[in-house]
**Q** 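Let me begin by handing over the structure; questions about it come next.
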Amino acid sequence: MSGVRVRFSPAPTGYLHLGSARSALFNWLYARHVGGTFVLRIEDTDPDRSRDDLIDAIVENLAWLGMEGDEIHRQSVRFDAYLEVAEDFVTRGLAYRCDCTQEAVKERLAAAGSAGGYDGFCRDRTVAAGPGVVIRFRTPDEGTTAWDDVIRGHVSFENAVLEDFVIVRGNGAPMFHLANAYDDLDMKITHVIRGEDLVNTTPRVLLLREAMGADDHPVYAHLPLIVNEKRQKLSKRRDDVSVGDYRDRGYLPEAMRNYLITLGWGPKDGIEIRPLAEIIELFDIVDINKAPAFFDVKKLDHFNGEYIRALPTEEFVARSTPWRDSGAAPVPPDLYERLAPFVQQRVKRLDEVAGLLDWVVADAPEPTPEDWRKVMGADGVADVLDGVIEKLADAPWDSASLEQVVLGVGEELGRKSQLPVRLAVTGARAGLPLFEPMAELDRDVVLERLRSARAKL
RNA sequence: GCCCCCAUCGUUCAGUGGCCUAGGACACCUGCCUUUCACGCAGGCAACACGGGUUCGAAUCCCGUUGGGGGUGCCA
């Protein structure tokens with residue numbers, strides 16, 4: 001066990017965001033790589049968000065991806081410690097109380113022609129504690145706050161641009177910077193691996209930490225953001241960001257995990273799809289990329305397809321069963337088991353399985369006009385259909401015989417006979433191998449579909 | 001506005017001064033396999049944003065430009 005301690009510290013949101021999942025994963029991977037400790041710390045300093053149901057969703061999705069905290073903490077039960085530190089800051093003159101309303105601050109800022117921040121109005125006033133009174137941390141007016149980021153290199157901020165920020169809310173609850181700085185120190189976190197959207201809060205945390213008496217700070221590694229096709233940070237409103245939604249759509253956790261890892265990092269040998277154990281061995285935060293990465297669902301689909309096909313058939317059946325009956329009609333389990341190998345070979349998501357079997361368990365869908373024209377418009381289709389209808393009337397009803405009959409008719413006529421039969425029976429040009437599923441259908445049903453198609457020629 | 005960051009094929013990762021006529025993967029295109037599709041196989045298309053330096057030598061180092069992103073809450 002190395003002394004490395006990393007943490008994933010999400011705010012409770014009721015779902016696990018893709019970006020958060022990736023951050024968690026990189027922390028977890030690094031901990032496993034060096035034999036360190038992965039701490040899960042729920043940052044529920046906002047009382048409105050400190051709800052068990054919001055937290056459970058995150059824990060469950062992390063577990064789905066194969067991660068669980070070696071330690072689990074919750075900031076809402078540690079308020080006293082944070083508040084004590086804040087009081088200490090006030091008595092030491094490092095922080096002060098402020099009773100400015102947010103509106104008043106905004107007005108003064110606007111009048112001064114400034115866009116944001118706080119103007120230091122209460123810095124030298126003496127405000128008594130009370131409802132609505134916040135505590136602000138006094139940031140230095142001079143100097144710089146900087147650190148050497150593992151991924152970004154040297155990052156530095158002029159203290160002058162840092163405004164005095166709130167560390168305790170008017171309702172008495174601590175703010176995240178305070179709790180975050182305190183806990184990283186208290187929990188002896190050695191490496192902070194998190195999204196780049198948090199770089200600019202790092203100086204605050206560093207300053208707070210220093211004020212708490214720390215003479216060092218964790219190693220920071222700010223991950224590149226995951227972006228959408230417009231190269232913007234993934235957002236809940238615009239993009240599909242909920243890990244749970246991907247699970248519902250039939251992505252395998254191991255595929256999702258493997259794909260997420262390739263966003264911002266890649267093994268030197270270029271082999272992206274590989275066992276977790278190998279990834280843990282190869283992974284290191286120093287090799288993480290700086291540039292934002294686009295979340296490419298098509299590539300995720302490819303990964304997922306690879307993982308699906310690699311599953312032993314029984315496992316594929318078991319894992320795809322929750323999606324089995326979501327099509328036009330329920331699929332009988334024994335039938336599903338017989339046809340599963342064919343299904344497994346052609347789905348990229350588990351939620352596609354039912355659609356492939358619709359024509360077997362329900363009426364065949366109406367062919368698209370284009371498909372109909374391309375297939376049924378060919379020469380000799382009527383003869384093919386007539387021949388197949390005739391021979392199928394008393395042929396043995398098993399897949400081998402069906403194949404023999406259909407292909408046999410084609411050979412006699414010197415035509416490819418599968419496509420017209422396929423379109424007539426399944427309603428589509430593409431799909432499962434024809435004869436095995438067709439043998440599952442009753443003779444009457446097949447003949448009826450063939451006759452109906454023949455009649456429409 | 002101010003602060004911070006980023007910049008190799010459409011996408012993603014590799015490449016850390018010469019091995020690069022820049023490699024892998026996804027996507028796309030073409031064949032092969034197959035009387036469907038998919039899988040598989042063989043090919044193809046396709047990038048170092050621009051301009052200055054430094055150096056015998058730059059995708060790799062420095063500066064600038066342009067472009068993009070993030071932040072700027074009593075959310076985290």
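Letters A, B, ... are given to chains in the order of the sequence lines, protein chains preceding strands, and every chain is numbered from 1.
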**Q** So, is A/Asn200 near the phosphate of B/C3, with a side-chain N or O under 4.0 Å from OP1 or OP2?
**A** no

**Q** Mind checking the P distance from B/A27 to B/U12? Whole angstroms is fine.
**A** 15 Å

**Q** Look at all strands and tell whether A/Ser417 reaches a base, only sugar-phosphate, or nothing, counting heavy atoms closer than 4.0 Å.
**A** base

**Q** Which nucleotide in the set B/U12, B/A38, B/A76 lies at the smallest distance from any side-chain heavy atom of A/Phe294?
**A** B/U12

**Q** Minimum heavy-atom separation for A/Arg454 and A/Asp386, please, with both atom names.
**A** NE-OD1, 2.8 Å

**Q** Tell me which of A/Pro433 and A/Glu43 sits closer to the 5' end of RNA chain B, going by the nucleotide each one is nearest to.
**A** A/Pro433

**Q** Using a cut-off of 6.0 Å, state whether more than 12 heavy atoms not belonging to A/Gln404 lie near its atom CD.
**A** no

**Q** Determine: side-chain N/O of A/Arg41 to OP1/OP2 of B/A76, distance under 4.0 Å, yes or no.
**A** no

**Q** As an exercise, state the distance from CZ of A/Phe8 to CD1 of A/Ile193, rounded to the nearest 0.5 Å.
**A** 12.0 Å

**Q** Taking A/Lys106 first and then A/Asp119, would you say they form a salt bridge - that is, a charged N and a carboxylate O separated by under 4.0 Å?
**A** no

**Q** Under 4.0 Å between a side-chain nitrogen and a carboxylate oxygen: does that hold for A/Lys268 and A/Asp287?
**A** yes

**Q** Considering only the P atoms, how many Å lie between B/A46 and B/G52, rounded to the nearest integer?
**A** 26 Å

**Q** Would you call A/Asp141 and A/Arg123 a salt bridge, taking side-chain N to carboxylate O under 4.0 Å as the test?
**A** yes

**Q** Nearest whole angstrom, please: distance from the P of B/G73 to the OH of A/Tyr118.
**A** 14 Å

**Q** Please tell me if the side chains of A/Leu208 and A/Phe137 come closer than 4.5 Å, counting only heavy atoms from C-beta onward.
**A** yes

**Q** Could you tell me the separation between the OH atom of A/Tyr96 and the C1' atom of B/C74, rounded to a whole number of Å?
**A** 13 Å

**Q** To the side chain of A/Glu163, which of B/U35, B/C75, B/U72 is closest?
**A** B/U72

**Q** Would you indicate what A/Val134 reaches in the nucleic acid, counting non-hydrogen atoms under 4.0 angstrom: base, sugar-phosphate, or nothing?
**A** base

**Q** Using a 4.0 Å heavy-atom cut-off, does A/Thr45 contact any base of the nucleic acid, only the sugar-phosphate backbone, or nothing at all?
**A** sugar-phosphate

**Q** How far, in whole Å, is B/A47 from B/A22 if one measures between their P atoms?
**A** 10 Å

**Q** C1' atom, B/A76 versus B/C37: distance in rounded Å?
**A** 47 Å

**Q** According to side chain to side chain contact (heavy atoms under 4.5 Å, CB included), who are the partners of A/Arg238, at least two apart in sequence or on a separate chain?
**A** A/Asn228, A/Gln232, A/Ser235

**Q** Could you work out the separation of B/C9 and B/G24 based on their P atoms and round it to a whole Å?
**A** 16 Å

**Q** Would you mind reading off the distance between A/Lys290 atom NZ and B/U60 atom P, rounded to a whole angstrom?
**A** 13 Å

**Q** Please tell me which of the listed nucleotides, B/A76, B/C74, B/G71, lies nearest to the side chain of A/Gln102?
**A** B/C74

**Q** Rounded to whole Å, please give me the gap between CG in A/Leu162 and P in B/G71.
**A** 17 Å

**Q** Is a salt bridge present between A/Asp53 and A/Arg51, judged by a nitrogen-to-oxygen distance below 4.0 Å?
**A** yes

**Q** So, do A/Val199 and A/Trp147 sit near enough that their side-chain heavy atoms are less than 4.5 Å apart?
**A** yes

**Q** Using the 3.5 Å cut-off, write out each protein N or O paired with an N or O of nucleotides 24-32 of chain B and the distance between them.
**A**
residue : atom : partner  : partner atom : Å
B/G24   : N2   : A/Glu272 : OE2          : 2.9
B/A25   : O2'  : A/Glu272 : OE1          : 3.0
B/A25   : N3   : A/Lys299 : NZ           : 3.1
B/C26   : OP1  : A/His302 : NE2          : 3.3

**Q** Could you check whether A/Gly132 gets within reach of a base, just the sugar-phosphate, or nothing at all, counting any heavy atom under 4.0 Å?
**A** base

**Q** How far, in whole Å, is B/A59 from B/U8 if one measures between their P atoms?
**A** 15 Å

**Q** Using a distance-only criterion (donor-acceptor N/O pair, under 3.5 Å, no hydrogens), is the base of B/C39 paired with the side chain of A/Arg309?
**A** no

**Q** What does the list of N/O pairs under 3.5 Å between the protein and nucleotides 65-69 of chain B look like, with a distance for each?
**A**
none

**Q** Determine the interatomic distance between C1' on B/C19 and the same-named atom on B/G40; round to the nearest Å.
**A** 33 Å

**Q** Quickly work out the A/Leu419 CG to B/U34 P distance and round it to whole Å.
**A** 17 Å

**Q** Between B/A14, B/A38, B/C4, spot the one nearest the side chain of A/Arg346, thanks.
**A** B/A38

**Q** Show the numbers, then the answer: is there a ring pair (Phe, Tyr, Trp, His ring centres under 6.0 Å) between A/Tyr30 and A/Phe283?
**A** CA-CA 7 Å; A/Tyr30 187 61; A/Phe283 181 82; 7.1 Å; no

**Q** Between A/Leu356 (CG) and B/C39 (P), how many Å, whole number?
**A** 13 Å

**Q** Cation-pi between A/Arg338 and A/Tyr336: NZ/CZ under 6.0 Å from ring centre and within 45° of the ring axis?
**A** no

**Q** Think A/Arg136 forms a cation-pi with A/Tyr118, using NZ or CZ under 6.0 Å from the six-ring centre and within 45 degrees of its axis?
**A** yes

**Q** Identify the two heavy atoms, one from A/Leu162 and one from A/Thr139, that lie closest to each other, and give their separation to 0.1 Å.
**A** O-OG1, 2.7 Å

**Q** Given B/A7, B/A14, B/C39, identify the nucleotide with an atom nearest to the side chain of A/Gln345.
**A** B/C39

**Q** What is the nucleic acid contact for A/Cys98, judged by heavy atoms within less than 4.0 Å: base, sugar-phosphate only, or nothing?
**A** nothing

**Q** Would one find a side-chain N or O of A/Lys268 under 4.0 angstrom from OP1 or OP2 of B/G15?
**A** yes

**Q** Test of understanding: with side chain to side chain contact (heavy atoms under 4.5 Å, CB included), list the residues that count as partners of A/Glu352, not counting sequence neighbours.
**A** A/Val347, A/Lys348, A/Arg349

**Q** Within the 4.0 Å heavy-atom criterion, would you say A/Ala11 contacts the bases, only the backbone, or no part of the nucleic acid?
**A** sugar-phosphate

**Q** Select base, sugar-phosphate, or nothing to describe what A/Ser156 touches, counting heavy atoms under 4.0 Å on all strands.
**A** sugar-phosphate

**Q** Below 3.5 Å is the cut-off: list the nitrogen or oxygen pairs between protein and nucleotides 18-22 of chain B, distance only.
**A**
none

**Q** Considering the options A/Tyr251, A/Phe295, A/Trp265, A/Tyr246, which one meets the ring-ring contact (aromatic ring centres under 6.0 Å, His included) requirement together with A/Tyr259?
**A** A/Phe295

**Q** Listed in order of residue number, which residues of residues 377-385 of chain A have a non-hydrogen atom at under 4.0 Å from RNA chain B?
**A** none

**Q** For A/Leu423, which contact category applies under a 4.0 Å heavy-atom criterion: base, sugar-phosphate, or nothing?
**A** nothing

**Q** Counting N and O atoms only, with roles assigned by atom type, does the side chain of A/Thr144 sit under 3.5 Å from a partner on the main chain of A/Ala146, one being a donor and the other an acceptor?
**A** no

**Q** Could you tell me the separation between the CD atom of A/Gln404 and the P atom of B/U35, rounded to a whole number of Å?
**A** 15 Å

**Q** Side-chain N or O of A/Arg422 less than 4.0 angstrom from OP1 or OP2 on B/U35?
**A** no

**Q** Could you tell me how far B/C63 sits from B/C4 if I compare only their P atoms? Round to whole Å.
**A** 14 Å

**Q** Looking at B/C3, B/C75, B/C13, which one has an atom nearest to any side-chain atom of A/Val161?
**A** B/C3

**Q** Looking at side-chain heavy atoms only, is the closest gap between A/Trp359 and A/Pro437 below 4.5 Å?
**A** yes

